[in-house]
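Take a look at the structure below.
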Protein chains: 2
Amino acid sequence: MMCSVDDERVRTELVAVITAVVDGVPRVLTADDGPRLPSGPLRSDHRSLQGGLRAWVEQQTGHRLGYVEQLYTFADPGRASAGGRRVISVSYLGLTRVGSSGPAWAGWYDFFPWEDRRPEPDLPDPVAQLGERLLQWTGRGDDDETARRRLRAEVTFGLHGRPWRPELALQRYELLYEAGLVPESPFGAADVRLAPGATMAHDHRRILATGVARLRAMIQYRPVVFELMPAEFTLGQLQDVVEALAGQHVHKQNFRRLVQQQDLVEETGHTHAGTGGRPAMLFRFRREVLDERQVGGTKLPVQRVR
Amino acid sequence: MMCSVDDERVRTELVAVITAVVDGVPRVLTADDGPRLPSGPLRSDHRSLQGGLRAWVEQQTGHRLGYVEQLYTFADPGRASAGGRRVISVSYLGLTRVGSSGPAWAGWYDFFPWEDRRPEPDLPDPVAQLGERLLQWTGRGDDDETARRRLRAEVTFGLHGRPWRPELALQRYELLYEAGLVPESPFGAADVRLAPGATMAHDHRRILATGVARLRAMIQYRPVVFELMPAEFTLGQLQDVVEALAGQHVHKQNFRRLVQQQDLVEETGHTHAGTGGRPAMLFRFRREVLDERQVGGTKLPVQRVR
DNA sequence: AGTGTATTGCTAGATATGAGCATAAGTAAA
DNA sequence: TTTACTTATGCTCATATCTAGCAATACACT
C-alpha cells in the first residue's frame, strides 16, 4: 500500500482565532481584506505548531497570548489551493487583552448576530425569524429524516420552549449552512431570505464559530476568562465579560458566590469607584488554581432559561 | 513575508487510537512491530481527514467505526522523517466493538499499569511507588518552581489525600516524561527505577495517553460508552465497561439511577440469565438522545474517592 | 437630604449526589 | 428441599449544589 509522492504534498496553514473583549464586546482579530482570520504557513524554523502560531501572532499584534489552545484541523477538498495542492489548516484559539479596538478587531456578533441573546428592547428577535425559516426548511413530514431535522433545529436554536444553549454556536452555524441560509452555503435557494451577519473569506466563519463554541463551553468548567481580564478587576467587570462571551445574562449573586467560593480570586485591597454606584472591591486572579485544579472543576453559571 | 517552497513540504500522517473493550479490558488496536498505533499517510483520494481515517481503518479491521473524533495534531521537530521532511500527525479517537481480542488488540494498561486503580489484592500499589520517585524528583525546596512541581505531582497522582482523577491520564504521562521515569524520555537519569509498562514506537504512547484521557473525560458528559456496547446489554455490563475505561469502581445503585433517569436506555423486554445471580433486564441505547441533547448533559458517575 | 446605581449578604426551595439498607430472583451446593 | 451465595433492583436519607429571589449597604450626583 505505497503512496505516490504526489499524494504527500500538502501545504500547512496556521489559522488563529484570537479573541479579546473590548468595550463589553467580544472581538476577533482579523486581517485586512475579506475579512478573514489571520493565517500563515507553517515554517521550518517554527519549533512546534503552537510555537509557530504564538510567535507569529505576537509579532503581528505585539501582545503575548496568555492562552493558546488547538482548535481543530481542517483538510476538506474545497480547501485545495490553486495548484491542486491540498491545504491543511490547523486552527488555534488564543485569548488576550487589548486596550483599544482598532479596525482589525471585529465583533463576534457582526458575523453571528443571532448569537447575542441579550434582549435589545424593540428590535425583532433574529432567532425567532431564523427559527421560522429553519422549520420551513425541515418540512412538516413525519418520516424519520424530517423528524430528526426538526428536532435538531429545535434543540440547537431553543425553539418550542427548549432552552437556548450558548455553547451550540457551531451546530447552529452548521445547520444554517445545510439549510442554505448563509451565503457561503452551496445549498442556497434563490427565494429564501438569508440569515443576517457578515461573512468571511474561505471557511473562516466556520472556524470562528468553532472558536466561539469552544470558548463558551470552556468558560463553564475552566478558569480561562481571566486571560481576557486586566490584572485587577471587579466582579461586575468579570461578569460583564462572561455575559458578553455567552451572549446571555447570568444571575449576579450566584455568579459572585460561585467565583468566590471556588477561591478563583483574591482581594487586592483596592476599590474601584466612579461608576455612579457603590465602589466595588478589586480582585486579582489566583493563578495558583491552574496548578491546584489541573484543568477541571471551575464552573461559571450561565443562567438556565426555562 | 514569503516562504520558500521548501518550508511547505510536509508529510501528513493519520494516526488512529481505536478502542474497544473485550473481556472487561479496554484495548487499543496496534500494528505489528513496535508496537505502534495504526497510521498511514493522507491520500489524495481521501475526501476528508476523517473520511480517510475511517475508510482506512474499516479496511484494516473490517469494522465500521461508530464514533470517530479528532484528537490532536502533532508536529514537533522530533517527528521529522528521514529526508528532513516535516511530519504532521493528525490523530483520531475511534470507538468500536469487536467479538474477540486477536493479537492486534493490546490492553491499555499494558502501557499504563498505574492507570488502573481497581485494587488488586496483594500487589504493591504502583502509584505509591511512582509517587515516591516523583516527589524525590520534584525536590524538597520551598522556592516557587519546586513548589509548583510538587503541587503538580500531588494533584495529578492524587498524593497526600488528594482525589485520584482518571481523566488526568495525559498529565500523568507527561509528568513521568519530564521526570525521566519513562524510557522514551530524554531527561532520564541512570540511577532511577523506571515506571512499569510497555512502550510504543515514536510518540505513540503519548498519543494513546491523549486518547485515554479524552475518552475518560468524555464518558462523564457524553453518551459515548454505548459505541462500545453490543446492541443489547445489561446495566451491569454497561457499568463494567465504564469501570474498565475509568480504571475505577463506581457506586452501583447511583450508576443505575443516573443512567435510567436520564432516559439513556430503554428495556428490550428480554432478560439475561446464567451469571449465577438474578437475571438482569436487557436494555438498548436510545440513540435519539444524540439529537435531543446535542452533545451535552450526560453524566456518568465516577466515584469520588475521599 | 433624597435618589439612583452598583455591590454585597442572605435564604427558601428545588435538584443532584454519595452512600447505605433492604428486597427480589435466580444458581449452586448441602 | 433447604440453605447459602450471587447478582439485580428498589428505596431512603443526609448532604451538597443550584436557582431565583429579597434585603441591606455604600457611594455619586442632584
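Residue numbers begin at 1 in each chain, while the letters A, B, ... track the order of the sequences. For the numbers below, each heavy atom of this structure counts, side chains included, while hydrogens, waters and symmetry mates do not.
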Determine, step by step, whether A:Tyr67 and A:Arg222 satisfy the side chain to side chain donor-acceptor pair (under 3.5 Å) criterion, reporting the C-alpha distance in whole Å, the side-chain angles of both residues, the deciding distance to 0.1 Å, and the verdict. CA-CA 12 Å; A:Tyr67 188 91; A:Arg222 273 201 220 172; 2.7 Å; yes
Go through the structure and list residues passing salt bridge (charged side-chain N to carboxylate O under 4.0 Å, His left out) with [X], not counting sequence neighbours.
X	value
A:Arg133	none
A:Asp291	B:Arg148
B:Glu232	none
B:Arg117	B:Asp125

To the nearest Å, how far apart are [X] [atom1] and [N] [atom2]?
X	N	atom1	atom2	value
A:Asn254	D:dC22	CG	P	14 Å
A:His272	C:dT7	NE2	P	9 Å
B:Leu235	D:dG10	CG	P	9 Å
B:His249	C:dA19	NE2	P	14 Å
A:Leu282	C:dT7	CG	P	11 Å
B:Gln260	C:dA16	CD	P	16 Å
B:Phe255	D:dG10	CZ	P	15 Å
B:Gln253	D:dA8	CD	P	11 Å

Where the side chain of [X] is concerned, which of [options] is the nearest nucleotide?
X	options	answer
B:His251	C:dG20, C:dT7, D:dC13	C:dG20
A:Gln261	C:dA19, D:dA20, D:dC18	D:dC18
B:Arg257	D:dC18, C:dG18, C:dT7	C:dG18
B:Arg256	D:dG10, C:dT17, D:dT19	D:dG10

Look at B:Lys252 and D:dT9 and indicate whether a side-chain polar atom (N or O) is within less than 4.0 Å of OP1 or OP2. no
Non-neighbouring partners of B:Phe285 that pass ring-ring contact (aromatic ring centres under 6.0 Å, His included), sequence neighbours left out: B:Phe226
Kindly say whether A:Ala231 contributes a backbone atom to a donor-acceptor pair with the side chain of A:Arg284 at under 3.5 angstrom? no
Would you mind building the protein contact string for nucleotides 24-30 of chain C? One character per nucleotide, 5' to 3', B for base within reach (heavy atoms under 4.0 Å), S for sugar-phosphate only, - for untouched. BBBS---
